[in-house]
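When a ligand or atom number is given, it counts from 1 through the structure's own listing order. What you are looking at is a predicted structure, and each value in this text was computed from that prediction instead of being measured.
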Amino acid sequence: MNTNDTVVDLEQLRERVRSLMPKVVEDLKDLTRIPSVSLGSFDQTQVARSAEAVAELLAAEGMDVKVVAEGGRPAVIAHKSGPAGAPKVLMYAHHDVQPPGADADWDTPPFEPTERAGRLYGRGAADDKAGVMAHLAAVRAWGDDLPCDVTLFIEGEEEIASDSLPALLEKYADELRSDALVLADSANWAVGTPALTTTLRGTVRAVVTVRTLKHSVHSGMFGGAAPDALTTMCRLMAELHDAEGNVAVPGLDASEDTEIEYDADQLRSDAGMLPGTQLIGSGPLTSRLWLKPSITVIGIDAPGVDVASNTLTASARAKLSLRVAPSQDPQAAFDALKKHLEDAAPWGAEVNVELDELGAGFSADANGPVYEEARAAFADAWQNEPVDVGIGGSIPFVSLFAEMMPDAALLVTGVEDPDTRAHGANESLHLGEFEKVCLAETVLLQRIARRLGSE
Ligand SMILES: [Zn+2]
């Protein structure tokens, strides 16, 4: 036997984690007091302070710690060994936060963490300083008896798209490479229902230019015979969806293979839909949000209403946001969009489609021993089975880790619940759920050690 074969009973771990929580929450409050906004217009010494604070907390657990940077914001790498031959687990979270927005929108100051009715309010109290603390809690709970080799990677620029993460992953590849990854920056399905995030949609942004005339002309002189670019653009944009609101671009992947459903009234309320506005698309709502493509016109360059004159506009531009099914290559999705729009050019107009930005989606192979142990650890902690969920947006770092470690089992977990309001005013963490997250990670380390150590 080359791994730690002392099995600690679940109820013992539950008690141990419970007794740690007051200090874990105090430490979380200390981290939340540091306004570590990574956006460049904010004071970047605060991001450095927060990296140092995280490093100090991890060093106090007996971890080997370093603060590292590759031209971007500082990240923290910390390592603590388990028994010889133990499986390696990499735990990710980020210590930077979103800007707080207007103080007036907050009920209590964003960087003065405040407990109210079982929740901890503050910018970063959930996203993602609670992710940092969940990993730390698991390390703390095991003390010198860690069942796995554990490496923490705490990023400092997730909220500004992780630009230097590829360089960091490359430079520290050897020490980061692991059998299992726990990426704690997502959300659970509901209070009381844990979730593994198994799919993320990819993203494409494109700019469409429509030209119909060499120059603008008087609408009274030529309107009715010569087409203007803006009306032509409107007809072209109407080709993006069918009458029901499904995306009408051939060649885009879509799936309805989802195990849970989003309540329609809940979605209407969450999205702030007006009473008469209909839901668009078809199939389960979770498939429309997570597994099927969506297209949104996010901007149009055209004369503003207040300055518009009676003129046929010669050219118009629109920016489109395409969300791509998790497993589709975003470049292939862009190519399909481009072809569809060029083929649909109304009235012989010149249509030009240019790529603005691409981001890969993610689709986990959510099977195998690590996933089985993760689901069991969640069930242990919550006394309720976890569900698989998707996210309609993309998280750049997830696909980077997946590319770097194609053979590792990649678990996207999180501390958030539907009321967390990450990135918004009054962001908060449900403290009861947070304790379950900490327990689940603690249990998971033992389960992975027993499962992979004995295989
Ligand atoms: Zn986050």
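- At a threshold of 4.0 Å, the pair Arg447-Glu372 does not count as salt-bridged, since none of the basic side-chain nitrogens sits closer than that to a carboxylate oxygen.
- For residues 86-96, the side-chain hydrogen bond (donor to acceptor under 3.5 Å, both in side chains) pairs, not counting sequence neighbours, are Ser38-Asp96, Ser50-His95, Lys88-Asp149, Tyr92-Glu155, His94-Asp96, His94-Asp127, His94-Glu158, His94-Asp185.
- By the criterion of a separation under 2.8 Å, the protein N/O/S atoms near the Zn ion (ligand 1) amount to His94 NE2, Asp127 OD1, Asp185 OD1, Asp185 OD2.
- Side chain of Arg16 to main chain of Leu439: no donor-acceptor pair is present (N/O by atom type, distance under 3.5 Å, no hydrogens or angles).
- For the pair Glu373 and Arg450, the salt-bridge criterion is not met [side-chain N within less than 4.0 Å of a carboxylate O].
- A side-chain donor-acceptor contact under 3.5 Å links Gln328 to the backbone of Asp253.
- Considering only heavy atoms from C-beta on, Glu157 comes within 4.5 Å of Asp163 through its side chain.
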